[in-house]
Amino acid sequence: MGQKITVEAGVLKVPDNPIIPFIEGDGTGPDIWRATRSVVEFAVRKAYGQSRRIEWKEILAGEKAFKTTGEWLPQATLDAVRDHLVAIKGPLATPVGGGFRSLNVTMRQALDLYACIRPIRWFEGVPSPVRHPEKVNVVVFRENTEDTYAGLEWSAGSPEALRLREFLACELGCRVPEDAGLGIKPISRTATRRIMRKALRHAVDSAQRVITVVHKGNIMKFTEGSFCQWCYELAQDEFGEVVVTEAELASSGLTLPGGKILLNDRIADNMFQQVLTRTDEYRVLVMPNLNGDYFSDALAAQVGGLGMAPGANIGDHVALFEATHGTAPKYAGLDKVNPGSLILSAVMMLEYMVWKEAAEEIVQAVAATIKQKKVTYDLARMMEGADEVSTSGFAEAIVANME
């Protein structure tokens with residue numbers, strides 16, 4: 001029988017047989033979940049023998065949940081993640097332009113998983129559209145609960161949109177077209193400070209030297225501009241002993257002292273150029289929700305695409321690890337797609353549980369497998385001499401390299 005992960009005095013307490021809820025996901029989710037589970041279970045056995053193991057607990061969301069319960073996201077699923085603290089999920093389907101809102105966004109907001117954390121790194125041998133993908137070694141901290149993803153929007157011509165337009169026109173003197181869909185972009189000091197706090201804590205714990213706030217505050221002055229200001233404010237209030245701003249460094253004419261972290265900020269459109277041309281100057285990026293979505297995908301494109309990009313949604317203690325790509329329904333059940341995103345998300349999960357030995361086993365085996373050119377079709381089509389393997393075949397090759 002497994003045991004629940006708990007929190008004691010603010011610290012995660014992980015038993016040797018933790019119960020980890022999982023959601024298979026829609027589309028290709030079951031394929032990549034089976035591959036991921038086999039890799040994780042072997043890594044845990046390799047690292048710890050019989051002394052540790054994971055007790056998996058299936059919970060439902062998405063199409064499987066709807067077919068079984070009539071609900072896309074049962075309350076029991078949210079309760080299970082909240083109760084067990086650590087969970088993992090495959091991709092979930094969301095329609096574009098209508099129907100229910102994103103299940104991913106709903107789960108993040110319902111569980112207050114305010115930090116979307118996406119580490120992006122290159123594995124030797126992975127094809128890339130840039131000359132030096134080895135320079136990409138960045139962790140994106142994306143605020144997860146606000147911005148345009150908060151769901152405060154109304155369709156053009158709806159009673160709500162017309163009422164809001166009337167208020168904007170009559171009370172605030174704003175000119176808004178009659179046929180406009182309307183949305184509100186909330187960015188708060190509270191949410192900004194806590195995402196910056198988590199990013200700075202990561203920078204300190206991992207001995208990073210640079211943290212960069214990415215925003216469009218030159219145009220959206222009171223949302224993204226405030227986001228930037230509040231990030232600096234938090235850094236000064238709580239990390240003043242270790243943080244040095246770019247302006248302070250420039251005025252002193254000195255180089256960054258040892259043990260200090262350089263804090264700077266960049267305008268979002270310029271930063272898209274920076275991560276291509278001056279990639280190795282950036283290590284920890286902090287940004288509002290929409291920017292974080294764009295940048296994490298753009299960075300992933302440099303290291304093999306979303307199939308090689310892991311992610312986690314983390315609150316104060318609850319953590320939900322997930323594949324960062326979509327469901328790819330046309331490949332569902334074909335045992336074809338790259339499970340790398342979910343496998344590397346499981347690595348993040350193991351690291352979060354402080355099962356670092358098992359996590360490192362997987363990372364080294366993934367690297368070895370790619371060097372051997374045993375890869376799924378998305379990478380094989382861009383690699384000369386590749387040995388194209390299936391989803392399950394990629395997992396088997398990883399396991400073989402752990403053996």
Side-chain angles (χ1 to χ4, degrees), residues 28-49 54 88 90-91 118-139 279-280 297 299-311 321-325 328 331-351 355-403:
T28 57
D31 288 347
I32 65 173
W33 168 247
R34 284 190 294 271
T36 298
R37 179 170 176 167
S38 67
V39 168
V40 171
E41 288 179 347
F42 189 90
V44 170
R45 287 197 302 272
K46 176 72 182 301
Y48 310 116
I54 293 173
I88 188 167
R118 293 184 175 177
I120 298 140
R121 55 161 290 186
W122 182 69
F123 285 89
E124 184 179 350
V126 171
S128 170
V130 298
R131 289 186 177 182
H132 294 289
E134 72 280 359
K135 293 183 179 181
V136 180
N137 189 4
V138 178
V139 182
T279 314
D280 53 356
D297 285 11
L299 285 160
Q302 298 187 54
V303 298
L306 292 178
M308 296 300 297
F321 300 84
E322 65 177 359
T324 59
H325 53 73
Y331 296 122
L334 299 183
D335 194 27
K336 185 177 179 68
V337 301
N338 188 349
S341 175
L342 193 57
I343 290 172
L344 294 173
S345 297
V347 168
M348 293 181 69
M349 181 185 76
L350 292 168
E351 291 172 341
W355 289 17
K356 295 183 178 180
E357 297 84 0
E360 186 59 28
E361 287 282 351
I362 297 174
V363 170
Q364 291 183 4
V366 168
T369 303
I370 292 170
K371 282 185 180 180
Q372 295 162 356
K373 297 187 176 183
K374 294 180 180 179
V375 293
T376 48
Y377 83 99
D378 57 314
L379 301 182
R381 62 188 174 183
M382 297 183 286
M383 294 173 67
E384 185 176 346
D387 177 11
E388 183 176 330
V389 296
S390 62
T391 307
S392 58
F394 187 60
E396 291 165 1
I398 294 171
V399 167
N401 279 310
M402 283 192 280
E403 290 177 324

Does N338 use its side chain to pair, donor to acceptor, with the backbone of T376 at less than 3.5 Å? no

Give every residue pair that meets the salt bridge (Lys or Arg N to Asp or Glu O under 4.0 Å) criterion with at least one member in residues 394-403, sequence neighbours excluded. none

Are R381 and D378 close enough for a salt bridge, meaning some N to O gap below 4.0 Å? no

A368 backbone acceptor or donor facing K374 side chain under 3.5 Å: no

My understanding is that only residues two or more places apart in sequence, or in another chain, count here; which of them pass salt bridge (Lys or Arg N to Asp or Glu O under 4.0 Å) with E357? none

Does the side chain of T279 come within less than 4.5 Å of H132's, by heavy atoms? no

Would you say the side chain of V303 lies within less than 4.5 Å of the side chain of S128, judging by non-hydrogen atoms? no

Sub-3.5 Å donor-acceptor pair from the side chain of K46 to the main-chain atoms of E361, do we have one? no

Mutual orientation of the aromatic rings belonging to Y331 and Y377 [parallel < 30°, tilted 30-60°, perpendicular > 60°]: tilted

Closer than 4.0 angstrom, basic N to acidic O: yes or no for E41 and R37? yes

Could you give all pairs that pass the ring pair (Phe, Tyr, Trp, His ring centres under 6.0 Å) test and reach residues 379-403, with sequence neighbours left out? none

Please collect all salt bridge (Lys or Arg N to Asp or Glu O under 4.0 Å) contacts where either partner lies in residues 119-134, sequence neighbours excluded, each pair once. E124-K371

Partner residues of F123 under the ring pair (Phe, Tyr, Trp, His ring centres under 6.0 Å) criterion, sequence neighbours left out: none

Using side-chain heavy atoms (C-beta onward) and a distance below 4.5 Å, is H325 in contact with V337? no

Determine whether a donor-acceptor pair (N or O, by modelled atom type, separation under 3.5 Å) exists between the side chain of S341 and the backbone of A323. no

With sequence neighbours left out, what residues match W33 under ring pair (Phe, Tyr, Trp, His ring centres under 6.0 Å)? F22, W56

I'd like to know if the side chain of T391 and the backbone of K336 have a donor-acceptor N/O pair within less than 3.5 Å. yes

